[in-house]
Amino acid sequence: MQSGKSIIIENISKHYGSVKALENINFSVDNGEMFGLIGPDGAGKTSLIRILTSLLLPTSGNAIVNGYDIVKDYKKIRKTIGYMPGKFSLYYDLTVEENLNFFATVFGTTIKENYDLIKDIYSQIEPFKDRQAGKLSGGMKQKLALSCAMIHKPDVLFLDEPTTGVDAVSRKEFWLMLKKIKNKGITIFVSTPYMDEAELCDRVALIQDGTILTVDTPVNVVKSFDNPLYSIYSDNIYYLLKDLRALSATKSVFAFGQSVHITFNNGTNIEDVNKYLKDTGHSNSNTKIITPCIEDCFMQLMSVKS
Amino acid sequence: MNIFKGFVIKEFIHIFRDYRTMVILFGIPLVQLLLFGFVIKSEIKDADIAIYDQAKDNHSKRITNKLLSSGYFRLDKDLDNYDGIHQAFREGKVKLVIIFEQNFSEKLEKTGNANVQILADASEPNTANLLVSYSNAILSSYIKDLNSTSKMPYNIITEIRMEYNPELKSVYMFVPGIMALLLMLISAMMTSISITKEKEMGTMEVLLASPIKPFVITAGKVVPYIFLSIINVLIILSISYYVFDVPIKGSLFLLVSVCILFILTALSLGILISTVTNSQQVAMMISLVALMLPSILLSGFIFPIENMPIVLQYLCQLMPPRWFIEIIRNIMLKGVSFSFIWKETCVLFIMMIVFNLLSIKKFKIRLE
C-alpha cells in the first residue's frame, strides 16, 4: 500500500456533456480511516464514488484505490472493495439469507467463513432471514445491504448515502456499526447529505457543485469558522430572515431549524442588532452566541466560494 | 464454477417466485398451441364438391349418396368429362372432385378392387386435407359395411391428388411456426427482460463492482431459460403429436438438438437486446416488435416466402425463425437426416455466434 494511503485522488474531473459533475478533485484517504464525503444532493458525491469503484471513467485525472489504478486495474479493484450503492440494490424476491449467500458466492466466499465480520450487523436481521428482502423495513434493508457489501472482507468499503431514507434511530445504529467495522481495520469511504453525520467521521471532505470546499477533521473544519456565530430565535422566521438580510451589519444569515444562524461584520455591537429587531417588530426574539457545527462551516464555505 | 452455480440458483429463484414469469413460460405456449391447433382443426360443413361418375352404377351411386348425406359435402356439379374438372376448380367454388372409374360396381364385385380418384384444391391446404380425409373416411366406412355382409373382401383404391400445391406446404406449418414463435418469445424476451431488470433495480451496479465476470452474469441468466425452453419444446412436441397427430418422421434427437440450437440463438438475441437498453419496457418492446412480428410474418410461418416481393424475400433470409421452421418442417414432416439440413443448421449456428460476438463487444463493464 502506497505510503499508507488507501485512496489517492488526483485531478479527477467528470463531465456529462456540458454538465461538469466533478472539477479537479484532489485528496487522499489514509488506511483504516473513516472518511466522509459531505454535500447536498447533486454535489457530485455519487459520481465520485462510482469513479472510485471503477464503475465510471473519469473525464480526466486519475485515482488509485488500494494501490490499483481505477482504470487499468479495475478488475483487481473490484476484488478488494465493498460497495453499497445509494439505491437499495439487493434482490427483492430473494430472502435475507439467499441474498447474503448469493453475494458470498459472487466473491468466492461463504457466510460461515466471514461470519465474525458481519456478526454484529447480521445477527440483528438474522431472525428475519427467511423473509424476502423487499418486505424488510428501511433500516433492516440497510443492514442487509451492509452485510452483503462486507461479506467478502473488503479492504475498502464504499457507502453511497447509506442513511438516506432511514429513520433517526436506525441512522444512529448504522453509524455505530460503521465504527465497529472501522475498528476491524477496514477503510470506510462514506457519502452523506446529513451534516450532523460528518462529526462521526475521522476526516471529511465538503463537496459542493463538483468541487471540494475543504478536507479536514471535523474538529478542524469547525475551528476554521473564525467569526462569532449567533443564533436568533423569533416567532416569524420568514420576516426575521428578511429583516436581518436588510441589515447592513449582517455578514451571513441562514435559517437553521426554528432559528437563524448569523454572523456579523467586524465591530458590530450585538445590542444594536437586538434593538433593530425590537424596532422591526420581533418582540419575542432571543439572541445567543453558539459554537458553530459542520453545517455552519459548510454554509460559510459555500458563500465564500460563490 | 461455484460462483456460476450460485448465480444459476439465484436465477431459478427469480423465475419460480414470480408467478407471472411462470405463466408466460408455460401458459402461453399451451394456450397458443391449442388455439392454433383447434382453429386449424375446425370442422368444415357443406363443402361444395363435384362428382364425375363414369360408371353411374349401383355402388357409385350409393357412395355418392353416402357422401352427400354425410353433411360435409354438397353437390355443386355433376361432371361428364375430365376437362370440366379444372374448370370447376378454377371457378373457385368446388373444393373437391371425386371420380369413379368406368364399370365401378362390376370391377368391385368381380375383382374386389375398384378405383376412386380424389382431387382436392390444395391452394387452401388445410381445407383440402380435411375434405380428403372426410371422403376417405366415408369410403372406408362404406367398404366396411359392404365387407360385413359379404364373404369376399372388397377394397376401394383411392388415388388422391392435391391440385395446385401437391406438397401441401402449409399443412402442419403451425407446429414449427408456433415453436419458432414461442421459443423466440420465451428465450429472447425473458432473458432481455431479466438482464435489464438487474440494471433497473440497481443490482447490476453491485454485480459490476464485484469480481464476477460478465460472462458468468449472462451465462448464469441464460442457463435456466435453456432448461425451461427445452421442457417447453417437449410439451409442444407431445401436444402436436398426441393431440393434433402431427407426425415426427425424422429423428427425435436431431429435432431436439436443432431446437436447442435455435433456443441458444434466441437467447443470444435476448442478451444482445439487453446490451442496447437499460429498461425492461424498452427491452420488451424491442423483443415484441423486432422479434415477434418478423418471426410471424417473415418466416414463412403464415405467408409463403415465395410470394413475397424480392426485397422482403432477402429480409426473410436474415430471420432465424425462417431457417428454424424450414429445418423443423423437414425433420418432422419429411423425415430427412442431418445431411439434408446441414446448410440451414449452419446458418443458425453462424447467426448465434454473431449475436454472441456482438453482445460481448457491447457488454458494458462500467455504468456508461
Side-chain angles (χ1 to χ4, degrees), chain A residues 14 16-17 21 46-47 49-59 65 70-71 74-95 97-111 132-134 145 148-149 151-152 154 156-158 160, chain B residues 1-25 190 193-221 223-225 275 278-280 360 362-368:
Chain A
K14 177 72 190 172
Y16 299 100
T46 299
S47 290
I49 287 194
R50 282 181 172 168
I51 287 173
L52 294 178
T53 49
S54 82
L55 291 172
L56 283 183
L57 291 172
T59 309
V65 173
I70 51 155
V71 179
Y74 74 94
K75 281 184 185 162
K76 286 176 187 152
I77 288 185
R78 291 176 184 187
K79 274 185 193 145
T80 54
I81 59 162
Y83 172 45
M84 187 172 146
K87 203 172 139 195
F88 174 71
S89 28
L90 297 173
Y91 297 99
Y92 278 71
D93 52 346
L94 262 56
T95 65
E97 198 178 20
E98 284 164 347
N99 264 297
L100 194 59
N101 242 325
F102 173 69
F103 283 101
T105 33
V106 162
F107 284 94
T109 178
T110 57
I111 298 182
Q132 290 186 16
C148 290
I151 188 67
H152 58 295
V156 190
L157 190 56
F158 289 93
D160 191 7
Chain B
M1 204 54 218
N2 213 4
I3 298 179
F4 182 69
K5 203 175 125 202
F7 208 95
V8 171
I9 291 172
K10 175 206 128 212
E11 289 307 320
F12 269 117
I13 295 176
H14 284 321
I15 294 170
F16 289 135
R17 291 236 169 106
D18 182 8
Y19 70 94
R20 282 167 302 182
T21 314
M22 295 298 288
V23 168
I24 293 180
L25 271 175
M190 300 301 261
I193 287 179
S194 97
I195 295 178
T196 44
K197 189 177 175 190
E198 298 250 0
K199 294 189 188 178
E200 240 175 47
M201 299 295 288
T203 41
M204 191 55 103
E205 194 173 339
V206 182
L207 292 181
L208 283 178
S210 78
I212 191 164
K213 292 187 180 71
F215 171 76
V216 175
I217 298 179
T218 38
K221 286 265 165 208
V223 165
Y225 287 106
T275 59
N278 288 329
S279 94
Q280 291 185 67
I360 291 169
K362 286 202 148 265
F363 191 91
K364 298 180 189 83
I365 51 160
R366 294 190 170 82
L367 284 175
E368 44 166 24

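Taking all atoms of both residues into account, the shortest heavy-atom contact from B:M201 to A:S89 is O-CB, 3.8 Å. Counting all heavy atoms, side chain and backbone alike, A:V106 lies closest to B:S210 at CG1-OG, 3.4 Å. The two residues B:E205 and A:L55 make their nearest non-hydrogen contact at CG-CD1, 3.5 Å. Looking at every heavy atom in both residues, B:K10 comes nearest to A:L94 through CG-CD2, 3.7 Å.
Counting non-hydrogen atoms of neighbouring residues, nucleotides and ligands closer than 6.0 angstrom, the NZ atom of B:K364 exceeds 12 such neighbours. Under a cut-off of 6.0 angstrom, the local environment of CZ in B:F215 is sparse, with at most 12 non-hydrogen atoms contributed by other residues, nucleotides or ligands.
Between chain B and the residues A:F107, A:F88, A:Y92, the largest count of heavy-atom pairs under 4.5 Å involves A:F107.
Annotation: the span from B:L367 atom CG to A:T53 atom OG1 amounts to 7.5 Å, rounded to 0.5 Å. Note that CD1 of B:I212 is 11.5 Å distant from CZ of A:R78, once rounded to the nearest 0.5 Å. Note: A:L57 CG to B:I365 CD1 = 7.5 Å, rounded to the nearest 0.5 Å.
Both the backbone and the side chain of A:T95 come within contact range of chain B, judged by heavy atoms closer than 4.5 Å. For a residue to count as touching a neighbouring chain, one of its non-hydrogen atoms must lie under 4.5 Å from one of that chain's; by this rule A:K79 touches chain B with backbone and side chain alike. Of the two parts of A:L90, only the backbone, made up of N, CA, C and O, holds a non-hydrogen atom closer than 4.5 Å to a non-hydrogen atom of chain B.
Side-chain atoms of B:K5 and A:T105, non-hydrogen and from C-beta on, never get closer than 4.5 Å to each other. Within the 4.5 Å cutoff, side-chain heavy atoms of B:L207 are placed close to those of A:F102.
Across B:K197, B:R17, B:H14, B:E198, a single residue satisfies side chain to side chain donor-acceptor pair (under 3.5 Å) together with A:Y91, and that is B:E198.
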